[in-house]
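Note that ligands are numbered from 1 as they come in the structure, with each ligand's atoms numbered from 1 the same way. Everything numeric in this text was worked out from a predicted model, so none of it was measured.
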Amino acid sequence: MDVLQKIQSLREELNQHNNNYYVLDNPTISDYDFDVKLSELQALEAKHPEYFDENSPTQRVGGTITKNFETVKHDSRMYSLDNSYSKEDLLDWENRIQKVLGDVPLEYICELKYDGASISITYENGRLVRAVTRGDGFQGDDVTNNIKTIKAVPIKLKGNFPEKFDIRGEIILPFAGFEKMNQDLIEIGETPYSNPRNTASGSLKLQDSAEVAKRPLDCLLYSLIGNNLPFQSHFEGLDKARSWGFKVPKQSHLAKNMNEVFDFINIWDKNRHTLPYETDGVVIKVNDLHLQDELGYTAKSPRWAIAYKFKSEQVFTQLNSISYQVGRTGSITPVANLEPVQLAGTIVKRASLHNADQIEKLDIRINDTVFVEKGGEIIPKIIGVDLEKRPSNSEETIYISHCPECKAELERKVGEANHYCPNFYGCPPQIIGRIQHYISRKAMDIEGLGGETIALLFNNGLVKNYADLYELKKEQIIPLERMAEKSAENMINGIEKSKNIPFENVLFAIGIRYVGETVAKKLAKHYKNIDAIANANLLELVMVDEIGDKIAQSVVEFFDNQENRISIDRLKSYGIQMEVSAANDTSVSDKLSGQIFVVSGVFEKFSRDELKKVIEDNGGKVGSSISAKTNYVVAGDNMGPAKLEKANQLNIPIITEDDFINLLNGN
Ligand code: AMP
Ligand code: ZN
C-alpha cells in the first residue's frame with residue numbers, strides 16, 4: 001500500500017469510528033486504539049503535506065481562528081414554524097390543509113422540537129463544504145470551522161448520497177455536558193452559564209475552533225433540501241440521511257393520522273424530562289413531499305408543518321425584594337425574593353436574576369407581578385413582568401453600586417456581565433468562601449469541618465484566613481454553638497491530616513482565580529514547587545502547556561500580593577506540602593496512556609484519591625461512571641452493587657488493587 005492509500009484508509013476508518021461512537025452510540029474500539037490510529041494518521045500527514053485534506057479526521061481538534069464570520073446567503077430560506085398550543089389548534093391546522101389538498105389521506109411525521117441553534121450544512125460529493133447559522137432566515141454566518149469540530153457531524157459521507165444537498169438541524173448541548181461545563185466554571189470561581197441553548201449558540205460563534213472542539217456539543221438533523229433528492233417522503237429522507245452517516249433522532253415517528261399525532265404528543269409531554277437534552281415541543285410535518293410542495297409557504301413558515309409547544313410550567317407571583325449575593329471571587333449575583341408559590345411540584349421563593357443587564361432587560365421592579373418558569377434548569381427563572389398589574393408609584397430598579405456586605409464600591413470590567421466587589425481581603429463572604437474552598441473535597445479535603453462551621457469560626461473571630469485553621473485550639477472550638485469535645489477533636493485531627501495532602505491539591509486550594517484542578521496539576525507538574533511558581537513571570541507562565549494569558553496574569557497577581565505571600569509562608573511553616581513529593585514525582589509515566597479506569601470501593605494500599613492520582617500520573621484517565629469506554633474497574637471492598645452489575649453487563653474487567661499494581665509494573 002502506498003502512503004496515500006494508507007492515509008486514505010486511516011481517514012476512512014477513523015471517520016467510521018467517530019460515526020460509531022458519536023452517531024450510533026456503539027463504539028467498536030477502545031479510545032486508546034482510536035488515539036493510536038489518529039496519531040499514526042497525524043504523523044503521516046505531517047510527513048506528507050501534499051496530501052493535506054481539510055476534511056481529514058485530524059482536523060476535528062480545531063485550531064483555526066475566525067475573527068469575522070462571513071455572511072452567507074442561504075440557497076433556500078430557513079423558515080420559522082407556526083406554533084400551536086392545543087389539540088384544537090392542530091385540528092384547525094389539519095382542516096386548513098385539507099381545504100387546500102382536498103380529501104387525500106394524510107400521514108404525518110412527528111419529531112421532537114430541539115432547543116438549540118439551527119444550522120444548515122452543505123455537502124458536495126459527500127464532503128462537508130459549508131455550515132451556516134440560521135441568521136435572519138435569508139442569510140447567516142459561515143461557521144464551518146467550528147461545526148467540523150463536532151464529532152456527531154459527519155465530514156465525509158458513506159453510502160449512496162446525492163451529489164449536492166443541504167441538511168438542516170439543531171446544534172444542542174446535552175444537559176450532562178452543560179452541567180460539567182458549569183461545574184468546571186464554579187470550581188474556578190467563574191459565573192456559570194445560564195442555559196444549554198444560549199451556551200450552544202454562543203459556542204458556534206467562538207473565534208477559536210479549538211475551544212469549540214472542547215465543548216460537548218451534539219448535532220441532531222431533521223431535514224434535507226436539494227434538487228431531485230432520491231425519496232418521496234420526509235420519513236424516507238430521514239432514513240436515507242441516517243444511512244449516509246447523519247445523526248437523525250430515532251424518536252422521529254410516522255403517524256398515520258391526527259390521533260396518532262396526539263398519542264405521540266401525550267407520550268413525550270410526560271417523558272420529555274427523561275431525555276438527555278432540552279425539548280420544548282413537537283414538530284408535526286406532512287410526510288408526502290409532493291403534498292408539501294402543493295401546500296407551500298406563508299411569508300414566514302411552511303404550511304406543511306407546525307410546532308406544538310408543551311405547556312411549560314409557569315406561574316405568576318409578586319416580587320418582594322431583590323437581594324445581592326457575593327460569591328467567593330467577589331462576583332455579585334442578584335436574586336429575586338418572591339412571594340412563595342407552587343410550581344412544578346415545589347414551592348418557589350427565589351429566582352436568579354443573573355446580572356444587571358437581565359434586570360434592565362426585564363425592567364423588573366419591586367412589587368411587580370412576574371411570570372416564573374421552570375425550564376430545564378434547576379433554578380426557576382423570571383421570564384417577564386405583567387405591566388398591567390404594575391403599581392402606579394413603582395420605581396425603576398437601580399442596581400447597587402456598593403457591596404452589600406462590606407460597602408466597597410463595585411467594579412465591572414468591560415465585556416463582563418457581572419459586577420465585582422474588589423475588596424478581596426476585607427469582604428466577609430469572600431473570606432469565608434475562600435476558606436470553604438480551601439477545605440473542600442477536591443482541595444484539602446479536610447474532614448470534620450464543613451462550610452457552616454467555617455462561617456461560625458469566622459463570625460467568632462477565630463479564622464480570617466485559611467492559614468489560621470492551623471492555629472486553632474480545641475479549647476477555642478468547644479464553647480461554640482453545636483460544638484463538643486468530640487467534634488472539636490475531629491476538626492483538629494482533620495486539619496492536622498491535611499498536611500499530607502499533595503502539593504497539586506494545595507495549589508488548587510489556595511484559590512488563585514482561574515486555577516482549577518486541571519490547571520493546578522499542570523502547574524505543579526511543570527514547576528515542582530511553590531517558590532518556582534511564585535517567581536515565574538508572565539512570559540514564562542504562558543509558555544507552559546495549556547496556560548493562557550488570563551491564567552498567567554492571575555497567577556502573577558496572586559503572588560504579587562503581600563497578604564497572599566504571608567499566608568503561603570505561614571502554610572509552609574505549618575508543614576503543608578509545598579512541593580511535588582519525590583515519591584509522586586518518580587512514579588510519572590505513560591504506561592496507562594489511553595486507558596480509562598473507574599475506581600469503586602475502599603482500598604487497603606491506597607486511599608481512593610491516591611489511587612486516582614497514580615492512574616492519572618501514569619497517563620490514564622479516571623472516569624466517574626462505568627460506560628462502554630471504561631477499560632478497567634478497580635474494585636476495593638464494598639463496591640456498589642449497581643456498578644458491579646453495570647461492569648458485568650458491559651463485560652468490563654474488574655480488577656483488585658493488586659492487579660492494578662501488577663498492571664502498572666507491566667506484569
Ligand atoms: P421558531 O424558532 O420557534 O420559529 O421554531 C423554528 C425553529 O425550530 C427552527 O428554525 C429550528 O431551528 C427549530 N427546530 C427544532 N426542532 C425542529 C424539528 N424537529 N423540525 C424543524 N425545526 C425544528
Ligand atoms: Zn464586598
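- At a 4.0 Å heavy-atom cut-off, ligand 1 touches V283 through the side chain alone.
- Here the angle at the Zn ion (ligand 2) defined by SG in C406 and SG in C403 stands at 110°, rounded to 10 degrees.
- Between F371 and F316, the ring-plane angle classifies as perpendicular under the 30° and 60° cut-offs.
- At the shortest separation from atom 10 (O) of ligand 1 among protein heavy atoms lies R134 NH1, 2.6 Å.
- Rounding to the nearest 10°, we obtain 110° for the angle at the Zn ion (ligand 2) between C427 SG and C421 SG.
- Here the closest non-hydrogen pair linking P162 and L229 is CG-CD2, 3.8 Å.
- Ring geometry for Y324 against Y399 counts as perpendicular: the plane angle is over 60°, on a 0 to 90° scale with 30° as the lower cut.
- When heavy-atom distances to ligand 1 are checked against a 4.0 Å cut-off, L112 comes that close only through its backbone atoms N, CA, C and O.
- Around atom 8 (O) of ligand 1, the closest heavy atom drawn from R168, E170, K285, K113 belongs to K113.
- R303 and D82 are not joined by a salt bridge, as no carboxylate oxygen comes within less than 4.0 angstrom of a charged side-chain nitrogen.
- In Y114, the parts holding a heavy atom less than 4.0 Å from any atom of ligand 1 are both the side chain and the backbone.
- Counting protein heavy atoms only, atom 21 (C) of ligand 1 is closest to Y222 CE1, 3.3 Å.
- Aromatic pair W244/F165: centroids less than 6.0 angstrom apart.
- When each atom of ligand 1 is checked for a heavy atom of E111 under 4.0 Å away, the hits are 18 (C), 19 (N), 20 (N).
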Between D75 and K164, is a salt bridge (Lys or Arg N to Asp or Glu O under 4.0 Å) present by the stated rule, with each step listed?
CA-CA 12 Å; D75 279 344; K164 179 174 194 289; 3.6 Å; yes
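- Short contacts between ligand 1 and S80, defined as distances under 4.0 Å to a heavy atom of the residue, involve ligand atoms 4 (O).
- Heavy-atom neighbours of N68 CG from other residues, nucleotides or ligands within 6.0 Å: at or below the threshold of 12.
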